[in-house]
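One structure is given below, encoded as structure tokens.
Because the structure is a prediction, the values reported are computed rather than measured. So that the names make sense, note that chain A is the first sequence line, chain B the second, and so on, each numbered from 1. Only heavy atoms go into these numbers, but all of them, side chains included; no hydrogens, no water, no symmetry mates.
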Amino acid sequence: MSQEGYDHTAVEKRWQEAWADASVYRTPDDVTDPTYVLGMYPYPSGKLHMGHVRNYTITDAYARFRRMRGDDVLHPMGWDAFGLPAENAAKERDTNPRDWTFDCIDTMRGQMRSMGFGYDWDREIATCTPEYYEWNQWLFRRFYEEGLAERRDAEVNWCPDCETVLADEQVEGEAELCWRCDHPVEQRELEQWFLRITEYADELIDAIDDLEGWPDSVRQMQRNWIGRQYGTTLTFEVGGPETDHGAVEAFTTRADTVYGATFFALAPGHPISETIAEADAAVRTFIDEEADPEGDEPNGVATDLTAKNPVTGAELPVFVADFVLSDVGTGALMGVPGHDDRDHAFASKMGLPIEPVIAPKPDGYDPESGDPPAPPDVSEAAFTDDGVLVNSDDYTGMESAAAREAITEETAGAEPTTQYRLRDWGISRQRYWGTPIPVVHCHGDCGSVLVPEAELPVELPAFINTTGNPLDAAEEWKATTCPSCGGPGTRETDTMDTFVDSSWYFLRYVSPELSDAPFDSDRANDWMPVDQYVGGIEHAVMHLLYSRFVTKFLADYEGLTAREPFTNLLAQGMVQLDGSKMSKSKGNVVSPQRIVEEYGADTARLFMMQAAQPERDFDWSEEGVRSTYRFLTRLTALVEDHAEALSEHVPDATAALDEDDLIWVDPDDPTAAYVAGEIDATVAVATAEYDDLTFNVALREAQGLVGTLRSYADHEEPDPAVLGHGLSVAIRLLAPVIPHLAEELYATLSGKPANVVDDGVDVDSAADHPFVVDAPWPTADVDREAAELRRRLVANTREDVRQIIEVAGIEDPTAIDVVVAPDWKYDALEIAVESDADNLISAIMAESHIREQGDAAASYGQDLQAEREALSRTLPGDAEYEALRAAAWLIEREFDAPVTVARASEADDAVVRKAEPGRPAIDITE
RNA sequence: GCGGGGGUGGCUGAGCCUGGCCAAAAGCGGCGGACUUAAGAUCCGCUCCUGUAGAGGUUCGAGGGUUCGAAUCCCUUCCCCCGCACCA
């Protein structure tokens with residue numbers, strides 16, 4: 001009946017409309033501390049891709065799960081709507097970025113609706129609206145007022161193709177390519193606006209330790225990015241025959257190796273390098289032509305300068321070398337070839353001396369009394385570990401860590417110094433489609449002046465199609481008056497990096513309409529932080545670091561109580577095809593739209609969620625999709641086939657479904673008891689897995705339950721209460737992932753089949769119809785461990801029956817007897833598990849009722865003794881008996897033979913003998 | 001080089017934290033059977049080797065160790081992926 005599947009298009013459309021009509025996903029402003037579930041908002045590129053679908057299915061499923069568990073949930077969506085691609089697209093199509101962007105947003109919003117994502121659309125934001133970016137400008141003002149925004153000259157990464165500045169993070173790979181257009185990036189000197197994120201470097205790195213809900217990989221990436229290092233700044237007097245360049249600072253993490261310094265090196269861009277290049281042709285040539293910072297070889301050129309080692313007083317030769325980088329440390333370093341690989345390579349190449357001053361620490365070395373170890377041989381390779389100082393005057397014999405401290409303290413001009421790799425955040429972009437930086441450059445003497453808060457937002461002028469920055473060409477817009485002196489002024493034409501937009505958008509959802517502040521403080525303090533954030537690993541550093549920075553700033557200066565924005569973070573894996581990432585350039589893209597048309601959104605969602613853990617990559621498989629679709633088709637058929645019968649037997653299905661998950665099971669119907677037990681076990685496992693976001697395991701459980709229910713429904717005379725309950729549970733367990741079909745089936749099961757709706761009775765007038773969205777999550781009061789023991793017993797027993805029949809070559813069994821072990825064996829096992837007595841057999845035999853069993857007891861005792869360490873508890877004998885009785889129908893069905901489950905007292909001794917706890921005796925008659 | 005994550009049966013992929021019930025879930029693929037005029041769908045099994053009563057053997061990248069017992073813990077080693085990197 002169902003090879004065509006079910007009418008997913010009609011089902012999905014029907015419920016999308018019903019949800020919208022009933023505003024089921026609305027989160028009222030007055031709820032208290034809702035569970036805040038957030039997916040990283042997308043750039044509106046025009047179409048949803050599979051990565052989006054996966055991302056938002058994860059948040060949607062989790063949000064729905066929490067909702068069914070009774071939480072208020074905040075699950076909003078918005079648009080990262082500024083950015084260069086809109087500008088490029090506008091140029092190509094001869095339109096403007098605004099229209100193009102809103103077109104894209106409309107399309108994508110429609111696709112999200114068609115996926116069934118349950119967002120509170122009343123909270124939708126788009127960062128390109130003045131109502132939003134006004135608050136970027138406000139935020140910029142606040143940074144400026146607190147001394148954390150400043151304008152300065154800076155060497156910046158410049159993409160000649162995009163004609164804009166890029167952050168370091170936006171420059172990719174060794175080849176230094178633009179992250180957007182893959183064009184090689186150049187360096188330029190420009191006046192730029194910076195936010196001083198480095199002021200927060202320590203807190204940003206220290207607080208990572210407490211982000212326990214974040215993946216280790218992301219935490220580590222942030223630590224690396226901030227790159228804090230403790231070390232020492234040493235001062236070297238640098239001079240030559242004719243000139244004195246004065247004190248030059250060099251940073252080192254290895255002050256303990258200072259006695260091993262045999263040269264000093266300056267970056268080609270260091271001011272002294274520039275100075276000496278004026279008089280020294282070799283240096284000039286080296287800087288201009290030979291220096292190759294990207295190459296593997298360390299290159300350098302000698303100068304006529306020397307640097308005085310501040311500890312030893314030695315005069316070291318000074319080189320200009322390309323492996324010294326201007327933007328690392330001070331752009332100058334002491335070379336210690338004995339204990340640094342790169343210095344070693346350079347010294348070997350230049351024929352400089354290599355001196356060992358650190359020796360490996362001998363075992364049990366005591367710096368107080370021990371003789372210093374012999375210096376290692378460093379002629380071939382540097383010894384880079386910490387150790388014990390040698391050849392270091394008074395410091396000889398000290399351990400590295402202590403020596404670093406002592407040298408830093410005792411050397412004139414030496415300072416303990418902390419270095420960071422993190423740089424201030426350059427937010428200036430020479431582009432149109434972004435937030436205008438709210439500054440006016442006074443033509444008089446006022447300099448750069450903030451636009452007053454009352455005059456915000458500074459709105460973008462109409463788009464001008466030009467090769468440079470359109471804002472530069474907007475002459476009328478540019479010309480303004482200085483807010484300070486009232487004289488003529490020019491607007492700042494830089495716009496902000498779009499990472500400013502995304503660094504606080506999660507706060508805007510709290511009060512998206514608010515017109516006099518970026519967010520409602522009281523509500524933000526109640527609703528923040530985001531409980532579960534989900535997005536791609538590509539944002540591990542930039543977006544997440546900036547968001548943490550801005551949150552801390554708002555905590556310090558605007559009274560926000562949260563110091564971290566995201567409590568739990570999930571970096572979802574990629575959707576791949578044949579093992580590689582889907583991408584347009586490779587042409588291996590699977591269109592979500594096609595999948596929705598062909599199989600429906602529910603199929604796409606279920607397939608993705610059951611394919612793998614959310615954080616792992618997985619391969620898209622058309623076969624897997626089809627298999628998922630077949631599952632949904634079978635489920636639909638199962639519910640439809642039985643709904644009518646159930647409603648006859650269950651007088652008020654609706655009430656029964658909603659009220660309670662405790663159902664009465666006929667004690668004389670072991671099959672019903674088995675199914676009821678399976679239902680409970682499924683709920684227990686699936687709930688825990690949903691909590692952990694391991695949807696794949698939860699769904700496997702739910703699908704397994706559906707299989708059990710189908711078998712049960714085929715069984716003669718299923719208990720309608722049990723079957724109805726089971727179907728209700730299965731539907732609810734699947735509902736977060738297949739919301740449309742779950743609604744449909746829930747309605748069918750409730751005796752309000754959807755075709756009634758089709759005939760003109762609309763959904764919300766059927767007031768007694770409960771949405772599964774709002775249905776209570778099923779509950780179970782079972783011990784997961786006991787449920788698993790029972791499952792295992794049943795599975796093992798069935799497996800054993802199969803094996804016997806196969807191995808013994810039984811063609812057609814006529815009777816199968818299953819006999820549970822006698823009680824005394826359970827008692828003996830219990831004693832064996834508990835006991836730590838040397839002689840297990842005597843411990844067991846101490847029990848008179850076991851001793852009475854004579855040889856059988858002795859023999860079983862020996863078995864227990866032999867396997868003593870491996871023994872584990874089973875279910876009690878009565879529970880095993882009940883579980884096997886309940887599962888007998890499965891064996892009967894499989895082998896088409898009557899199955900008798902018996903207690904030991906009811907069975908033949910010869911058979912009973914083989915029975916053990918956890919392993920009933922099986923006797924098959926041919 | 002540093003840091004992070006991996007290597008499991010024909011494939012995908014769980015298990016590993018908390019060792020035993022693990023020859024190892026699930027899906028896919030393959031094989032056999034039921035149903036069907038047939039195909040499809042659906043259902044029941046099988047799918048490392050041997051085995052006429054639930055057994056035995058060899059497996060979880062490689063080698064070693066701890067343990068009564070290791071896919072699981074420890075060490076060494078090889079390979080793959082990701083991030084950072086001539087970072088002083």
Side-chain angles (χ1 to χ4, degrees), chain A residues 1-5 174 215-225 227 229 231 250-254 257 265 267 292-299 321-325 327-336 340-343 345-346 384 419-421 537-538 540-541 579 607 610-613 615-619 621-624 626-628 630-631 633-634 637 694 696-697 699-701 703-704 707 710-711 714 788-789 792-793 795-797 799-810 866-874 893-896 914 918-924:
Chain A
M1 65 173 268
S2 49
Q3 66 226 46
E4 297 89 14
E174 301 256 324
D216 287 340
S217 59
V218 173
R219 297 207 280 175
Q220 195 57 39
M221 283 163 78
Q222 295 218 345
R223 285 192 195 101
N224 288 346
W225 191 261
Q229 279 192 306
F251 176 77
T252 178
T253 54
R254 293 299 303 273
T257 64
D292 176 20
E294 261 95 75
D296 291 336
E297 275 283 286
N299 302 306
D322 62 1
F323 67 88
V324 187
L325 307 178
D327 59 349
V328 174
T330 61
L333 58 80
M334 65 169 186
V336 185
D340 180 280
D341 290 328
R342 187 209 42 222
D343 293 349
F346 186 72
T384 57
Q419 277 272 323
Y420 302 89
R421 214 180 72 95
I537 189 75
E538 65 273 21
V541 176
F607 168 66
Q610 52 136 62
Q613 284 176 23
E615 48 273 275
R616 298 184 80 121
D617 297 344
F618 78 95
D619 261 20
S621 142
E622 199 73 16
E623 196 47 52
R626 276 197 284 271
S627 153
T628 303
R630 288 198 299 265
F631 167 77
T633 305
R634 270 177 270 145
T694 38
N696 54 330
V697 181
L699 294 167
R700 180 167 81 217
E701 284 291 326
Q703 288 176 291
R710 296 183 70 214
S711 300
D714 288 343
E788 282 174 359
L789 277 176
R792 210 172 292 148
L793 172 72
N796 288 349
T797 305
E799 174 67 27
D800 284 345
V801 172
R802 272 177 220 132
Q803 271 207 44
I804 293 168
I805 287 176
E806 191 201 321
V807 174
I810 297 169
E867 290 176 75
R868 185 160 181 192
E869 304 291 338
L871 296 175
S872 60
R873 232 174 271 276
T874 63
R893 194 192 50 163
E894 188 172 333
F895 297 100
D896 200 23
K914 286 185 287 184
R919 193 159 195 257
I922 297 165
D923 190 54
I924 300 172

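Note: CG (Leu325(A)) to P (rA85(B)) measures 11 Å, nearest angstrom. The CZ-C1' distance, from Phe631(A) to rA26(B), rounds to 13 Å in whole Å. Regarding Ile805(A), its CD1 atom lies at a distance of 11 Å from the P atom of rC46(B), rounded to whole Å. Rounded to an integer number of Å, the gap from CG of Asp322(A) to P of rC86(B) is 12 Å. Counting to the nearest Å, the C1' atom of rA25(B) and the CD atom of Gln610(A) are 13 Å from each other. What separates CZ of Phe346(A) from P of rA88(B) is a distance of 18 Å, to the nearest Å. At whole-Å resolution of the value, CG in Asn299(A) and P in rC86(B) are 15 Å apart. Rounded to a whole Å, the CZ atom of Arg223(A) is 18 Å from the C1' atom of rA85(B).
A distance of about 13 Å separates the P atoms of rG10(B) and rA62(B), rounded to the whole Å. Only the P atoms considered, rC60(B) is 16 Å distant from rG65(B), to the nearest whole Å. Here, rC21(B) and rU72(B) have their C1' atoms 15 Å apart, quoted to the whole Å. If you take atom C1' in rU47(B) and the same atom in rG27(B), they sit 15 Å apart, rounded to whole Å. Here the separation of rC17(B) from rG5(B), taken at their P atoms, is 16 Å to the nearest Å. Between rA85(B) and rC73(B), the distance separating the two P atoms is 32 Å to the nearest Å. For rU8(B) and rC79(B), the C1' atoms lie 15 Å apart once the distance is rounded to whole Å. rG29(B) and rU12(B) have their P atoms separated by 15 Å, with the value rounded to a whole Å.
Of the candidates rC87(B), rU42(B), rG27(B), the closest approach to any side-chain atom of Arg630(A) belongs to rU42(B). When the nucleotides rC43(B), rC86(B), rG27(B) are ranked by their closest atom to the side chain of Ser627(A), rG27(B) comes out on top.
At the phosphate of rG27(B), neither OP1 nor OP2 sits under 4.0 Å from any side-chain N or O atom of Arg626(A). Note on Arg710(A): every side-chain N or O is 4.0 Å or more away from OP1 and OP2 of rU42(B). Phosphate contact (OP1/OP2 of rA88(B), side-chain N/O of Thr252(A), threshold under 4.0 Å): absent.
If you check the side chains of Gln220(A) and Arg223(A), you find a donor sitting under 3.5 Å from an acceptor.
When every heavy atom of Arg342(A) is checked against every heavy atom of Pro298(A), the shortest pair comes out as O-CG, 4.5 Å. Nearest heavy-atom pair across Ala540(A) and Gln222(A) is O-NE2, 2.9 Å.
The distance from the OG1 atom of Thr874(A) to the CG atom of Leu793(A) is 8.5 Å, given to the nearest 0.5 Å. The CG atom of Leu333(A) sits 6.0 Å away from the CG atom of Asp343(A) when rounded to the nearest 0.5 Å. Taken to the nearest 0.5 Å, the CD atom of Gln703(A) stands 4.5 Å off from the CD atom of Gln610(A). Rounding to the nearest 0.5 angstrom, the gap separating the OG1 atom in Thr694(A) from the CG atom in Leu699(A) is 9.5 Å.
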Derivation of the side-chain contact (heavy atoms from CB on, under 4.5 Å) call for Arg254(A) and Val336(A): CA-CA 9 Å; Arg254(A) 293 299 303 273; Val336(A) 185; over 6 Å; no
Per-nucleotide protein contact string for nucleotides 51-56 of chain B (B base, S sugar-phosphate only, - none; heavy atom under 4.0 Å): BBBBB-
Nucleic acid footprint by protein, nucleotides 1-13 of chain B - heavy-atom cut-off 4.0 Å, B for base, S for sugar-phosphate alone: --SS---------
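Contact annotation for Asp292(A): base contact, defined as any heavy-atom pair under 4.0 Å involving a base atom. Here Gln229(A) lies in heavy-atom contact (under 4.0 Å) with sugar-phosphate atoms only.
Judged by distance alone, the side chain of Arg919(A) and the main-chain N or O of Asn796(A) form no donor-acceptor pair under 3.5 Å. A donor-acceptor contact shorter than 3.5 Å links the side chain of Asp322(A) to the backbone of Asn299(A).
Contacts of Phe251(A) classified as ring-ring contact (aromatic ring centres under 6.0 Å, His included), with partners at least two apart in sequence or in another chain: none.
Using Watson-Crick or G-U wobble geometry with both donor-acceptor distances under 3.5 Å, rU42(B) finds its partner in rA34(B). rG83(B) is paired with rC2(B) under the criterion used here, namely a Watson-Crick or G-U wobble arrangement in which both key atom distances are under 3.5 Å. Nucleotide rU72(B) forms no Watson-Crick or G-U wobble pair with any nucleotide shown, as no partner meets the under 3.5 Å limit on both distances. Under the Watson-Crick or G-U wobble criterion, with both distances below 3.5 Å, rC22(B) has no partner in any strand shown.
Mapping Ile537(A) and Gln703(A) onto RNA chain B via the closest heavy atom, the residue that lands nearer the 5' end is Gln703(A).
Using a 4.5 Å heavy-atom cutoff, the side chains of Met334(A) and Thr257(A) are in contact.
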